[in-house]
Amino acid sequence: MSVVRHIPNTITCLNLLSGGVAIIYAFQDRFDMALGLVLAASVFDFLDGLSARLLHAYSDIGKELDSLSDVVSFGVAPSLILYNFLDGFTVGVNPWVCFIPLLIAAFSAVRLARFNVDTRQSENFIGLPVPASGLCAASAAAFADHYHTLANQLVANNYTISTLSIILSILMVCSLPMFSLKFKSLKWAANAERYLFLCTTIPVSVTLLILGLHWTGIVFFIFAFYIIWNAAAALFRKLSDK
């Protein structure tokens, strides 16, 4: 029994280690590998909570460890991926612009600290969840790096990646309601929006993959669409209430 209670925290540490290795690959300009490790961290982030529920192995240490790991894997790692992506262009990029993506790390920490003390976010989220922000940021760099023409266009005016970084940072601490992608049951009534989102993104993602879009672009599409979906849903609800 003593071994079982350490399983969730061990999985959480694998999340943290994945983020650490992603940072190493970021400094080697291996952005596809870095994104792959951020994805692995997101899998471990899902499994640690699932294992804690199944094994009834909750702990205060586990909660704090989970947040610390998420800061590294979905805050620090993606911000450094974007930093190194911009820093790799010696022409057309102002040096100070490279540091703007580091805001993602700072705002991720603020987001997680607020989440830990906010009892309203047990089912869904208020603001962009840190893993979604991290995966959107990391996939943007990996996707652009794979298509070099696109990469040159993105950094030509200095502000595309920095603007994305600022948007993601603001979304993490804003009051925008966003549904969680985690299923606690399979009932339609409790998961209607999740099912609709999956029924939309899965066919589109498969189609784009068949048409030849690189897998890094699929990841970016999914999380960018997740943000747009929630923003549109919030706007629709606001207009409906008037």
Side-chain angles (χ1 to χ4, degrees), residues 12 15-16 18-20 22-23 26 34-35 37-39 41-46 48-49 63-86 97-143 159-182 193-194 197 201 219-235 237-238:
T12 302
N15 169 3
L16 176 59
S18 297
I23 292 171
L35 172 59
L37 283 155
V38 176
L39 279 169
S42 69
V43 173
F44 291 129
D45 184 47
F46 170 77
D48 64 2
K63 182 180 179 181
E64 299 303 324
L65 183 61
D66 183 67
S67 293
L68 292 171
S69 299
D70 285 355
V71 168
V72 174
S73 297
F74 308 118
V76 177
S79 66
L80 290 177
I81 289 171
L82 289 179
Y83 166 82
N84 282 281
F85 173 75
L86 288 176
V97 173
C98 299
F99 293 97
I100 292 179
L102 299 182
L103 289 172
I104 293 174
F107 277 81
S108 294
V110 173
R111 157 74 189 170
L112 288 164
R114 292 175 60 179
F115 177 79
N116 286 345
V117 298
D118 191 344
T119 57
R120 299 172 298 167
Q121 300 189 57
S122 58
E123 296 292 333
N124 292 302
F125 299 117
I126 299 174
L128 181 65
V130 171
S133 168
L135 284 164
C136 188
S139 60
F143 178 49
Y159 300 114
T160 307
I161 293 297
S162 57
T163 300
L164 174 65
S165 302
I166 292 170
I167 290 173
L168 291 175
S169 298
I170 293 172
L171 285 173
M172 280 190 282
V173 296
C174 74
S175 58
L176 178 69
M178 308 191 85
F179 65 88
S180 170
L181 290 172
K182 295 181 180 179
E193 193 167 16
R194 296 179 183 88
F197 177 77
T201 54
V219 177
F220 179 73
F221 160 73
I222 291 172
F223 289 97
F225 187 57
Y226 171 74
I227 294 171
I228 295 170
W229 177 294
N230 280 281
L235 179 61
R237 285 191 292 267
K238 186 174 182 180

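Of the options I166, L128, N230, a side chain to side chain contact (heavy atoms under 4.5 Å, CB included) to L171 is made by L128 and by none of the others.
Of all heavy-atom pairs spanning V72 and G19, the tightest one is CG1-C, 4.2 Å. Residue M178 comes nearest to P129 through the heavy atom pair SD-CD, 4.1 Å, listed as atom of the first residue, atom of the second, then distance. Between S169 and F107, the shortest heavy-atom distance links the atoms O-CD2, 3.3 Å. A pairwise comparison of heavy atoms in K63 and N116 identifies NZ-O, 3.2 Å as the closest pair. When all heavy atoms of L135 and V219 are compared, the closest pair comes out as O-CG1, 4.3 Å. Residues L82 and A141 come closest through the heavy atom pair CD2-CB, 3.7 Å.
Not one N or O on the side chain of T12 forms a donor-acceptor pair closer than 3.5 Å with the backbone of L65. Counting only distance, with no hydrogens or angles, the side chain of R194 and the backbone of F179 share no donor-acceptor pair below 3.5 Å. The closest donor-acceptor contact from the side chain of S79 to the backbone of V76 lies under 3.5 Å.
Ring geometry, F99 versus Y83: the interplanar angle falls from 30° to 60°, so the pair is classed tilted. Ring geometry, F223 versus Y226: the interplanar angle exceeds 60°, so the pair is classed perpendicular (tilted spans 30 to 60°).
The distance from atom OG of S73 to atom CZ of F44, rounded to the nearest 0.5 Å, is 10.0 Å. Rounded to the nearest 0.5 angstrom, L39 CG and S139 OG are separated by 8.0 Å. Between the CG atom in L176 and the CD1 atom in I170 there is a gap of 12.5 Å [rounded to 0.5 Å].
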Test side-chain contact (heavy atoms from CB on, under 4.5 Å) on R111 and F125 and set out the steps. CA-CA 11 Å; R111 157 74 189 170; F125 299 117; 3.4 Å; yes

Go through the steps to decide whether V71 and V130 satisfy the test side-chain contact (heavy atoms from CB on, under 4.5 Å), and finish with yes or no. CA-CA 8 Å; V71 168; V130 171; over 6 Å; no

Using side-chain contact (heavy atoms from CB on, under 4.5 Å), reason through I104 and S133 one step at a time and then give a plain yes or no. CA-CA 8 Å; I104 293 174; S133 168; 4.2 Å; yes

side-chain contact (heavy atoms from CB on, under 4.5 Å) evaluation trace for L35 with I81: CA-CA 9 Å; L35 172 59; I81 289 171; 5.8 Å; no

I'd like to know whether S108 forms a side-chain hydrogen bond (donor to acceptor under 3.5 Å, both in side chains) with D70, so could you lay out the CA-CA distance, the side-chain angles of the two residues, the decisive distance to 0.1 Å, and finally the verdict. CA-CA 8 Å; S108 294; D70 285 355; over 6 Å; no

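F74 is listed as a side-chain neighbour of N15, based on a closest heavy-atom distance under 4.5 Å. R114 has its side chain within reach of V173: a pair of non-hydrogen atoms, C-beta onward, lies under 4.5 Å apart. Residues S162 and V97 have side chains in contact (heavy-atom distance under 4.5 Å, counting atoms from C-beta outward). In this structure the side chain of L168 reaches within 4.5 angstrom of the side chain of I227, judged on heavy atoms. Side-chain contact between P101 and L86: present, with at least one pair of heavy atoms (C-beta onward) separated by less than 4.5 Å.
Note: F143 and F221 fail the aromatic proximity criterion, with ring centroids not under 6.0 Å apart.
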